[in-house]
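This report concerns only the one structure given below.
Just so it is clear: chains get the letters A, B, ... in the order the sequence lines come, proteins before strands, and each one is counted from 1. All figures in this text were calculated on a predicted structure; none of them were measured in a lab.
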Amino acid sequence: MHVPLSAYLFLSAYLFVLGVIGVATRRNALIIFMSVELMLNAVNLSFVAFSRFLDSMDGQIFVFFVMAVATAEAAVGLAIILAIYRNRETVDVAELNLLKW
Amino acid sequence: MDISLAQTPWGAVLPLILLGGTGLLVLVLDPVLSPEGRDRLPALSLVGVLATGGAVLSCWPRPQVAFGGMLVTDQFTASCSLIFLLVAALTLLISMGYIRRTGLEHGEYSALLIFATLGMIVMAGSLDLITIFLGLETLSISLYILAGFLREQARSNEAALKYLLLGAFASGFLLYGIAFVYGATGSTNLVRVREVLALGRVHSPLLLTIGMGLLLVGFAFKVAAVPFHMWAPDVYEGAPTTVTAFMIAGTKAAAFAAFLRLLMMGLPALQLEWSRVLWVLAILSMTLGNVVAIAQTQIKRMLAYSSIAHAGYLLVALVTGSKLGSASILFYLVAYTCMNLGAFGVMLALAKGNQERLAIQDYAGLGLRRPVLGAAMALFMFSLAGVPPTAGFMGKLYIFSAAVQTHQIALAVIGVLNSVVSAFYYLRVTVLMYMSPGAPDIPAERTAPALAVALALAALGTLLLGLVPSSFLEAALRSVAPLLG
Amino acid sequence: MIGLLSIVTFLPLVGAVLLLFADRQNEGFIKNGAFIVSLATFFFSLGIYAQFDPAQAGMQLVEQAPWIAWIGAEYHLGVDGISLLLVLLTTFLSAIAILSSYTAVTEYVKEYMVCMLVLETGMLGVFLALDLVLFYVFWEGMLIPMYFLIGIWGGPRRIYATVKFFLYTMAGGVLMLVGIIALYFASGASGTPTFNLLALTRLSLPFATQVWLFLAFAVAFAIKVPMFPFHTWLPDAHVEAPTAGSVILAGVLLKMGTYGFLRFALPLFPDATRYFTPLFAWLAIVGIIYGALVSMVQPDLKKLVAYSSVSHLGFVMLGIFALTSQSVQGAILQMINHGLSTGALFLLVGMLYERRHTRMIEDFGGLARVMPAFTVAFLLVTLSSIGLPGLNGFVGEFLILVGTFRVHALWAVVASSGIILAAVYMLWMFQRVMYGPMTNEQNRNLPDLTTREIAVLVPVLALIVWIGVYPTPFLRTTDASVRQLLQRVQGGAPSAEHENPTGTATGTKVADAELRDGGLRLTLSHSSLSDFAAASERRHGY
Amino acid sequence: MSLAHLEPILFAGLALVAAISGLLVVIQRHAIYSALYLILTMGSLAGLYILLEAHFVWAVQVLVYAGAIMVLFLFVIMLLNLPREDVPYARRDFRRILLAGGLASVLLVELVLVLAFRPHAGAAKVLTPGFGTTETVGRLLFTQYLFPFEITSVILLIAIVGALVLAKKHFS
Amino acid sequence: MAESNLPLLLIPLWPLLGFLAIGFFGRRMSRSAVATIACGSVALSLLTSLWAVASLLGMPEGSRRIEQIIAPWIGVGGFQADWGLLLDPLSSVMILVVSGVGFLIHVYSIGYMHHDRDFPRFFALLNLFTFSMLMLVLANNYLLLYVFWEAVGLCSYLLIGFWFERPSAAEAGKKAFIVNRVGDFGFGLGVMLLWTTLGTLRYGDVFSAAPGKLDAGGALVTVLTLLLFLGATGKSAQIPLFVWLPDAMEGPTPVSALIHAATRVTAGVYMVARSAPLFNLAPFSMEVVAWIGGLTAVFAATIALVQTDIKRVIAYSTISQLGYMFLGCGVGAYAAAIFHLMTHAFFKALLFLGAGSVIHGLDGEQDLTKMGGLRRQMPITAITFLIGALANAGIIPLAGFWSKDEILFGAFASGHVMLWVFGAGGACLTGFYMLRCYILAFEGQSRNPHAHAHESPAVMTVPLIILAVFAFGVGFVGFPPDGSVYHHLVEPVFAGAGEPAAHGLGLMVAMAAVSLIMAVLGIVVARVFYLRRPELAARLVARYPGVYRVLRDKYYVDELYQHVFVGPIYRASVWLWRRFDEPVVDGSVNGIGGLVRAGSTLMRYLQTGYVMNYVLSFLIGVVAIIGYLALAR
């Protein structure tokens with residue numbers, strides 16, 4: 001007995017939406033960023049699941065690249081958060097609204 | 001392992017190697033050079049960009065598919081690359097004085113600009129969603145960094161963070177969309193997707209459609225289409241001015257190139273769906289961009305909103321899904337590059353020390369005190385507003401022609417009415433420049449040579465595209481031919 | 001080989017470019033240079049008149065070269081009876097306007113002259129272009145120099161006025177652009193799509209298409225004319241514009257709207273034209289009376305003249321939409337007349353303004369005593385403006401009315417009341433400015449016209465009298481082209497336009513005559529006078 | 001595969017862990033807990049990858065993602081030494097959170113519906129030999145995916161440069 | 001069209017040249033040069049006219065027409081109008097009157113205007129007027145007639161407002177022009193209708209085509225003629241457009257004499273007479289013309305009874321006499337009407353010039369109540385004025401008697417008894433107010449202590465004397481009505497006009513006697529009231545103060561027009577401007593702009609600066625797009 005593809009996809013969708021909620025509701029930039037990582041992980045799960053059920057390696061390769069990109073984004077993102085913290089002593093995005101209107 | 005350099009299609013990758021090599025060279029040279037030498041790094045980069053342009057012109061007109069469809073060097077790639085290189089070259093020209101003045105790291109700055117350009121070329125030159133995604137990320141990550149380059153300025157930090165958070169968020173959707181497309185068709189290669197669609201072997205049409213929708217969201221974010229535009233004004237305002245110029249023209253160009261690849265080559269079968277979605281986005285973007293731009297007091301922010309509106313116009317062309325529409329996008333991108341970078345160039349030319357002239361009010365009296373700069377700015381403004389005989393007008397003419405041709409009359413009408421609204425705020429700049437009592441502190445010094453060259457090029461382009469647009473349009477039409485199969 | 005039309009069109013532009021390199025300190029050189037360029041343009045345009053063959057209805061001196069090949073837009077110029085006079089008017093008034101601003105403009109003289117010359121090129125292009133894209137480029141492009149003229153050298157509320165002018169006209173223009181594009185593709189239905197006006201006027205489009213396209217064009221033109229209720233930009237623009245700007249604005253720019261109707265809206269969409277005739281005619285009539293009434297109570301001279309333009313242009317529009325050869329030729333002549341007389345009025349008001357720095361009627365009075373030469377000129381122009389016979393205004397107005405009367409007596413009757421009102425507001429204004437006791441001491445020592453001012457005015461006044469007394473040379477040029485136009489609009493039924501209303505019905509009683517003209521008819525019945533007004537009814541031809 | 005008949009149970013377990021820890025990532029007051037829960041989520045996803053025969057991805061997930069990236073996160077969190085938030089969701093954000101939650105739920109419903117209406121049940125295909133192994137992935141990366149692979153190297157280079165520039169303390 | 005060597009153009013050309021010469025160079029000329037040129041040109045015109053009329057008389061009766069086309073003017077499609085001149089008996093009478101009376105008034109003006117600083121301007125305009133008037137009567141088509149119809153109006157405007165520094169003069173000039181414009185509105189439409197129905201505007205073609213193409217008595221011709229007549233009422237100051245003429249007295253007196261008595265105001269009569277072939281087709285219009293004329297004759301006369309301004313009395317008298325002329329036209333007695341026009345030109349010019357002489361002598365005093373006893377200081381003026389007054393009153397054998405009597409006879413003979421009664425009653429009133437005017441000015445004691453009246457110089461009195469001679473004797477050219485020189489000349493023009501058949505000498509004499517008696521009655525009453533028992537007049541006024549006030553205030557017609565037309569139109573205009581154009585028409589334009597700007601300001605605040613909100617906007621987009629695509633599929 002196999003777990004159907006849709007089970008993986010539902011889980012993926014659930015995690016993705018969790019990530020979305022995290023981004024949309026949290027004020028801590030770090031947590032927002034982690035929520036984004038959660039979204040990426042959710043997508044990766046979809047890729048791997050599709051890959052398995054299509055018998056196609058492309059999905060897994062894709063996941064590899066996504067991870068690479070996620071790493072790069074994380075490095076840059078954390079550097080930016082660091083820079084902000086140095087200037088403003090906060091990572092609360094609600095306090096970061098010099099730019100508006 | 002059958003990995004061999006001999007199989008590498010050198011002709012196809014030469015421009016990329018040149019460009020990437022320039023970036024690396026700049027990075028490597030930066031620490032070993034004296035400060036004076038470092039000042040010349042942007043110039044070196046410019047040389048690299050020009051060389052790349054030359055390589056594009058000599059290597060790429062011959063279409064070839066390299067790396068199993070990961071890179072296609074057809075006319076479209078070549079033309080788009082030239083646009084991106086133009087953006088990069090103009091940006092480098094207007095940056096030279098700026099980075100010296102603001103004390104930015106020359107090497108890193110230039111290298112990142114070049115890598116971003118590389119990313120754009122990859123986006124335009126790829127038939128595979130993987131490469132498109134990677135190109136996009138190359139571009140985006142470079143821009144995240146560049147946006148925060150003034151790292152001791154809170155605004156720059158904030159711009160970078162907002163861009164990064166939202167950009168990564170949007171990337172998530174884009175990726176999810178790719179996953180769906182992959183799941184529905186079993187491939188991420190656009191040509192394959194198209195074939196699968198044509199043969200009716202889609203596993204799940206609904207999944208594909210939703211995947212496409214998510215892709216649209218991802219790209220719409222990059223072009224700053226309403227309602228995915230919210231990052232744009234803030235980021236454009238906060239980022240260093242030269243970077244903003246680069247972003248406004250470059251990101252838009254790259255995203256539309258990829259958009260065209262995706263929609264015209266990969267998903268023409270779904271035109272009904274995507275054109276309807278984009279129809280709404282186009283109207284929202286044009287209207288909101290133009291309307292909100294009116295209330296702005298900062299010129300950078302105003303141009304940011306205007307860029308949203310311009311994205312709307314370009315979306316109109318995209319909606320048509322026609323040859324003329326696609327060609328008009330390319331034409332418009334060139335025109336937009338010229339007028340927009342020109343406007344930013346004027347902005348930079350007026351900066352006094354570290355003090356940039358950001359408030360529109362600061363432009364009062366400029367036109368008559370600095371006649372040449374003023375005239376150039378007025379030209380760019382009129383062009384942005386789409387008043388003939390400028391590039392902006394011709395661009396709009398083609399876009400709205402494409403719209404009318406495909407019976408999108410409502411889009412065309414809303415579009416042209418929007419250009420009237422836009423004229424209002426572009427005119428305000430000219431009003432201040434020419435019709436208001438002058439601000440006393442407009443510097444009378446000469447414009448730096450590099451900047452002057454950039455301005456001259458931009459102005460010339462704006463005029464030429466408006467007066468003798470024929471050959472440009474022909475080229476654009478030839479360029480989009482590969483898209484239509 | 002560059003054709004004469006190109007020379008005339010681009011000579012001012014070349015002059016403007018050359019002026020850019022002039023030393024800004026040397027104002028005398030700049031002024032004279034600009035004037036000489038405009039004068040040269042005028043003489044070249046006389047060359048057009050000399051080479052023009054009035055017997056031919058079609059385009060003459062045509063120049064054609066590829067421009068934007070793929071969409072088939074061309075560089076395509078040509079002149080016919082409808083545009084010839086307007087071209088001459090443009091070159092004439094441009095020279096006059098430049099000469100008139102020698103002393104009025106003291107700041108940024110170089111930029112001013114450049115704007116004037118660029119504007120001239122733009123206007124000439126509008127009148128000569130035969131390619132719709134080219135036309136549109138000139139049409140909108142000409143806004144830029146005008147925008148600067150009002151905005152930089154205008155009055156206190158110049159910014160409001162110029163932005164309004166720009167946006168309002170642009171709003172109309174862009175809709176026309178959509179119309180142009182749509183027309184282009186519509187023309188593709190029966191062959192290659194084209195922007196060539198001459199080819200497009202041979203098209204027969206479906207009625208529904210015509211209606212929409214007509215509206216798209218008509219809104220642009222109506223705003224430019226300006227027709228009631230699209231006129232409100234005009235008073236603002238006129239009041240704030242510098243003298244030369246007002247002269248050009250009233251003299252030439254407004255004609256671009258009426259010209260647009262004649263050149264584009266009518267021949268391109270003949271069925272729609274007939275369909276919309278009542279609407280536009282009535283709007284024109286409302287404009288005539290409305291403009292006159294509002295003009296009457298204006299305290300500001302320029303505003304008064306501006307509203308009077310609304311009224312006068314109403315006559316032109318009525319003439320155009322009456323669609324008879326008399327009325328249309330009258331309308332064309334009236335465009336010239338209005339250009340001359342209103343242009344001259346603005347010149348005169350400008351001269352007063354230079355002396356007194358006010359345009360308020362109440363600040364004047366009794367000027368006739370101190371400025372006799374000025375008075376004579378002012379009087380002549382006033383009289384021309386109210387259509388006094390023997391001066392130019394009468395010929396145009398009368399032809400318009402008589403042509404209108406033939407097909408729609410009621411329109412002519414109502415419109416004629418505008419002539420009474422014209423006398424009221426112009427003469428009242430004249431009375432308050434020139435007559436009466438000298439109430440304001442500041443006016444006591446106003447100098448009379450200078451030699452340069454006389455040189456500016458005399459050519460205009462001479463034309464005013466000339467056209468009034470001997471309009472034949474002017475009417476002759478328009479005749480053939482107008483005939484052709486009307487044939488086109490009347491659906492290719494030349495019999496519809498009978499030259500002599502009774503020529504076809506000799507010997508029959510006309511007491512109950514039906515004067516048919518296309519789909520229009522006029523009935524005069526025996527029974528009662530009240531029938532007279534009620535009896536003019538229109539009948540759709542389709 | 002010996003795990004075949006255990007697959008549903010394993011899936012259920014891992015999915016449950018992923019779901020719960022994913023939720024906890026989003027609602028923690030302190031970033032450090034979020035990070036830890038995120039590691040847990042990633043770990044359980046790694047387990048799922050094994051179920052999906054993606055061995056290489058499993059390895060990378062554990063090494064790179066759960067390992068490297070999350071360590072970086074933890075490092076930064078420690079470095080900043082952020083105070084604990086009083087409440088994860090401030091009262092003043094209530095309306096916005098409600099809206100966001102609503103929208104996200106709608107999105108979830110949409111996605112679930114879309115995925116549920118997938119016409120073919122998605123029975124797993126018989127896999128080609130070598131599916132998901134490191135060797136296969138490596139071969140692909142250096143042949144068919146060479147170009148993207150090179151681009152990835154550029155991206156990483158950019159990240160390095162960026163991290164250096166942005167995290168530098170003072171202008172040189 | 002008879003061929004002739006005589007260039008008719010010469011007749012109006014002289015004054016035109018005079019106008020141009022004086023207009024351009026007048027201010028650099030001496031006064032005598034100006035005067036010489038002005039009078040000389042009109043004199044040349046008079047001579048040329050005499051020569052022209054002589055050559056016309058030399059042609060066989062019945063073909064007395066000289067028509068010359070000078071140049072094409074307007075030609076558009078089938079619309080054709082030329083610069084063409086026509087001399088026929090009707091216009092020859094007119095040119096003689098215009099150039100003759102005109103010449104005398106020019107000469108007179110030399111003296112009258114001597115001290116005016118705008119002497120050259122005056123003569124330039126006077127010449128311009130003479131030119132226009134000559135062209136008006138010589139025009140060979142309706143459009144040209146219309147042109148000079150307006151041109152004389154213009155001259156009138158300029159000359160009434162000659163002393164433009166007087167607000168009342170400026171106002172009066174404008175009023176004259178505008179009221180005339182109202183009439184011209186009708187005239188213009190008439191011309192248009194004429195061309196529309198007949199396809200030509202040339203007199204000859206019109207009159208030959210009209211009977212064939214227009215139904216006699218039909219609505220078309222009725223409307224046509226009424227429109228033309230509306231123009232005539234404006235020009236010739238008839239009800240309802242007479243209001244401008246009394247005010248026109250603001251102009252210099254020679255202007256009143258020439259323009260507002262002798263020539264210009266008769267243009268309407270001339271036009272109606274000229275259009276006789278059309279009017280004859282429209283009996284209803286004829287009735288209208290006759291009744292308007294008759295009513296105006298009485299109406300104006302009643303106002304004249306109580307006016308105290310010497311020029312206004314004469315002005316109302318002019319309106320009244322013009323009414324007689326229209327009455328004549330209306331009953332078909334065109335020849336009589338033109339005859340009256342001619343005689344009236346002489347005696348009314350005489351009266352005005354006499355009044356001018358008085359005003360000149362009294363340094364500008366015009367109020368009759370401040371005159372009196374001037375006969376002693378100004379004998380020539382007094383006697384010539386009396387001749388003019390009696391001629392105007394229609395006392396045998398002065399000129400006015402013959403012509404007025406003929407009109408009244410025509411009215412009676414054509415069956416318009418009621419109109420005849422009006423006319424005869426009017427004659428009585430005429431007698432009264434003329435004599436009243438004479439007596440108040442010249443008889444009795446002087447009521448002006450400051451006046452040092454003196455007789456005018458010869459340059460003024462000689463024209464008076466010459467005019468007096470004509471006013472005395474010119475009537476004889478029209479006697480007897482069926483065999484005189486005048487009637488031989490003019491009658492053929494109106495041939496077929498249905499001139500009433502002779503009713504026998506007895507009736508004629510009876511009628512003449514009645515009207516003469518009426519006039520004499522008026523004179524006697526005036527004499528009693530103002531010379532013998534001045535208190536009677538005052539008592540009468542006291543008895544009927546309402547009547548007196550109504551008459552003195554001219555039936556409040558000016559006020560009526562002010563309240564019905566001028567005021568409401570003005571207020572409506574202000575309303576249109578302030579309450580409609582600015583707030584509604586312009587307001588909607590600016591409103592759209594304002595709306596966009598308000599929207600801009602409002603929407604601007606959507607951009608809150610909070611990333612969370614941006615994410616929300618993003619989410620909304622995603623949800624909508626996914627939802628749409630999912631549903632659309």
query = Do the non-hydrogen side-chain atoms of A:M39 and A:V23 ever get within less than 4.5 Å of each other?
reply = yes

ask   = So which of B:V235, B:D234, B:L129 has the biggest tally of heavy-atom pairs under 4.5 Å with chain A?
value = B:D234

task = Determine the interplanar angle of the B:F180 and B:Y176 rings, folded into 0 to 90°, and report it as parallel if under 30°, tilted if 30 to 60°, perpendicular if over 60°.
result = tilted

query = Heavy-atom distance under 4.5 Å to chain B: side chain of A:L98, backbone, both or neither?
reply = both

inquiry  = Which one wins on heavy-atom pair count under 4.5 Å against chain B: A:A42, A:G19, A:S51, A:A70?
reply    = A:S51

inquiry  = Please rank A:N87, A:V93, A:L40 by heavy-atom pairs under 4.5 Å with chain B and give me the top one.
reply    = A:N87

task = Kindly say whether the aromatic ring centers of A:F65 and B:F133 come within a distance under 6.0 Å.
result = no

ask   = Just how far is it from atom CD of B:E237 to atom CG of A:L99, taken to the nearest 0.5 Å?
value = 5.0 Å

Contact class of A:I80 relative to chain B, heavy atoms under 4.5 angstrom = side chain

key: Note, B:D128 side chain near B:L190 side chain (heavy atom, < 4.5 Å)   = no

ask   = How many angstroms lie between CG in A:L45 and CZ in A:F50, if you round to the nearest 0.5 Å?
value = 10.0 Å

message = Tell me which of these, B:N189, B:T297, B:T188, B:I178, has more heavy-atom pairs under 4.5 Å with chain A than the rest.
response = B:I178

key: Under 4.5 Å from a heavy atom of chain B, the part of A:A13 involved   = both

ask   = How long is the span from the OG1 atom in B:T241 to the NZ atom in B:K300, to the nearest 0.5 Å?
value = 3.5 Å

Chain B contact via A:F16 - which portion, at a heavy-atom distance below 4.5 Å = side chain

ask   = What part of B:L166 is in contact with chain A, defined as an atom under 4.5 angstrom from a non-hydrogen atom: side chain, backbone, both or neither?
value = neither

query = What is the distance from atom CG of B:L143 to atom CD of B:E137, rounded to the nearest 0.5 Å?
reply = 11.0 Å

request  = Sort B:A159 into side chain, backbone, both or neither according to what part of it lies under 4.5 angstrom from a heavy atom of chain A.
outcome  = both

ask   = Would you call A:M67 and A:N44 a side-chain contact if the rule is heavy atoms closer than 4.5 Å?
value = yes

ask   = Going by heavy atoms in the side chains, are B:V193 and B:L267 under 4.5 Å from each other?
value = yes

Top contributor to chain A contacts, counting heavy-atom pairs under 4.5 Å, from B:A160, B:A295, B:A179, B:G186 = B:A179

inquiry  = Please classify the contact between B:L161 and chain A as side chain, backbone, both or neither, with a heavy-atom cut-off of under 4.5 Å.
reply    = both

query = So which part of B:L134 gets closer than 4.5 Å to some heavy atom of chain A, the side chain, the backbone, both or neither?
reply = side chain

key: Side chain / backbone / both / neither for B:Q296 at chain A, heavy atoms under 4.5 Å   = side chain

task = Can you tell which part of A:V20 gets under 4.5 Å to a heavy atom of chain B, answering side chain, backbone, both or neither?
result = both

remark   = Given A:I61, A:I84, A:V36, the one with more heavy-atom pairs under 4.5 angstrom with chain B than any other is A:I84

